[in-house]
There are 2 protein chains.
Amino acid sequence: MADATEGETAQLPLHQRIRAEIEGKILSGEWPPGYRIPFEHELTAHYGCARMTVNKVIAALAGAGLIERRRRAGSFVAQPRLQSAVLEIPDIQQEVAGRGETYGYELIGRRRRPAGEDDPAVFTGQEVLELRCLHRANGRPLALEERLISLASVPEAAEVDFAATPPGSWLLHHVPWTEAEHRISALAASTKVAAILEVAKGAACLSLERRTWRATETVTAVRQIFRGDLYHLVARFSPQG
Amino acid sequence: MADATEGETAQLPLHQRIRAEIEGKILSGEWPPGYRIPFEHELTAHYGCARMTVNKVIAALAGAGLIERRRRAGSFVAQPRLQSAVLEIPDIQQEVAGRGETYGYELIGRRRRPAGEDDPAVFTGQEVLELRCLHRANGRPLALEERLISLASVPEAAEVDFAATPPGSWLLHHVPWTEAEHRISALAASTKVAAILEVAKGAACLSLERRTWRATETVTAVRQIFRGDLYHLVARFSPQG
DNA sequence: AAGTGGTCTAGACCACGCG
DNA sequence: GCGTGGTCTAGACCACTTC
């Protein structure tokens, strides 16, 4: 496909050129889903290169989900994926700073206690650190955070002074994690939440719940309740990554 | 370790074994962020294989964001990434069906008109198809959808009978897209929205706005307003993909 | 049985960026 | 400079699947 900025087959590495070309045909629809792309030996001949070179490209595209490969049969353009997007969930601190606003943080409560019945079942029988804190932007309450940290998984958290450091930032830099699940919903502010966030009772808020695992251990569970009028999440997606 | 144990070790391809081993050291924290991992020639010697083999592994890990590579300096364990997640945004139809509920769809309004001042600026000067529709689950209103489709980008949309087919499903299967941006927020139901969704005015709703591009053209812009009490988004992430 | 992709080798030259 | 990663080659054998 003609591209405005193309012009020259620049000094791009060969495999990048090949990848761009194939990706282009797929994304433009010239090679529709189910289309059998040329065999490796055909691409090898077409580009006049070694098989390893095209193999790396096709393997990478397969890894990215654009192509499915079947031995003996060939490689095929994958069916359109579901709408999906990479949702960036940065530190609230970084987020606020990035907007050019002043970040404020306040520890509201801290308790070390055994997990009880109101807590997520994964913590049952463990000792947890319970934290409640408030994030502010330009002095205004932005989000209320309620967090449990498993002291079995992260014993060193017991020694940290979270009065100065937001727990999210600390955990992000001190505890490797392997998996996380987020649940995003809208809810009406309860009386208690409304008072802390300084909004009317019943005001729409954005709730972000996250559980983070390290291997099979749950490291932390957190719920952040944002003022709906001050916050939104943005997710952007392009097939290339 | 000695590399002469070939009879015993798993039948996994060598590069998978190498990758698993390195990933393990990173995720376990044995190689913390900033750690300089062995040079390629060292890994080559350690595993007794060709340089291409370890290169492919390290390059893949770099592509996955676990490792950063700097010429002359070496390869380093990347700083923990920002929290990010793959947010799956399936068809509402599929979503509802997947929950075992009955999906209902209703076209409320359809207009073909030039884009005006209230529309996103990207449509200015174009003709658009404006659709309003309602998604139901088990008969109850679930989401109100307001959508603009660029007829310059998707002229065939003018001929489609969206009284039977939800526009999201149709677009997903007929128009390739290269990029999408989502904005997720919480809002209070306006009088009008509340009436359609059959909730009280001011009820918390989850708003999902999405713009979809094909190359540089905006294909469609849509806002879906979900009843906050009936819907949430789930995003799950693991570094491996 | 034949042909595909999956994997691997043992070299090579180059570009870049630290010392 | 010089050592790192970046890229590429021209082969090879194997496993699997479809024919």
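Throughout, a chain's letter reflects where its sequence line sits, starting with A, and its residues are numbered from 1.
Going from atom CE of B:Met52 over to atom C1' of C:dG6 covers 13 Å, rounded to whole Å. One can place CD of A:Glu42 at 13 Å from P of C:dG3, the figure rounded to the nearest angstrom. Atom pair B:Arg17:CZ and C:dT7:P shows a separation of 14 Å (rounding to whole Å applied). Rounded to whole angstrom, the span from the CZ atom of B:Phe39 across to the P atom of D:dC2 amounts to 17 Å. Rounded to whole Å, the distance from NE2 on B:His15 to C1' on C:dC8 is 10 Å.
Phosphate proximity of C:dT9 to B:Thr53: present, with a side-chain N or O under 4.0 Å from OP1 or OP2. The phosphate of C:dT4 has OP1 or OP2 within less than 4.0 Å of a side-chain N or O from A:His41. Between A:Ser75 and C:dT4, a side-chain N or O to OP1/OP2 separation shorter than 4.0 Å is absent. An OP1 or OP2 oxygen of C:dG6 is reached within less than 4.0 angstrom by a side-chain nitrogen or oxygen of A:Arg69.
Side-chain to base pairing of A:Arg51 with D:dA10: no donor and acceptor N or O lie closer than 3.5 Å to each other. Residue-to-nucleotide contacts include no donor-acceptor pair under 3.5 Å from the side chain of A:Arg70 to the base of D:dC16.
A pairwise comparison of heavy atoms in A:Ser185 and B:Leu206 identifies C-CD1, 3.9 Å as the closest pair. In plain terms, the two heavy atoms of A:Arg19 and A:Leu61 that are nearest each other are NE-CD2, 3.7 Å.
Ring geometry, A:Tyr105 versus A:His135: the interplanar angle falls from 30° to 60°, so the pair is classed tilted.
Using a cut-off of 4.0 Å between Lys/Arg side-chain N and Asp/Glu carboxylate O, A:Arg140 and A:Glu101 are scored as not salt-bridged.
A residue-by-residue look at A:Arg72 and A:Lys56 shows that A:Lys56 has its nearest nucleotide of DNA chain D further toward the 5' end.
Residue B:Gln16 is in sugar-phosphate contact alone, with no base atom involved, counting any heavy-atom pair closer than 4.0 Å across all strands shown. Note on B:Leu14: only backbone sugar-phosphate atoms sit closer than 4.0 angstrom, heavy atoms only; bases stay farther off.
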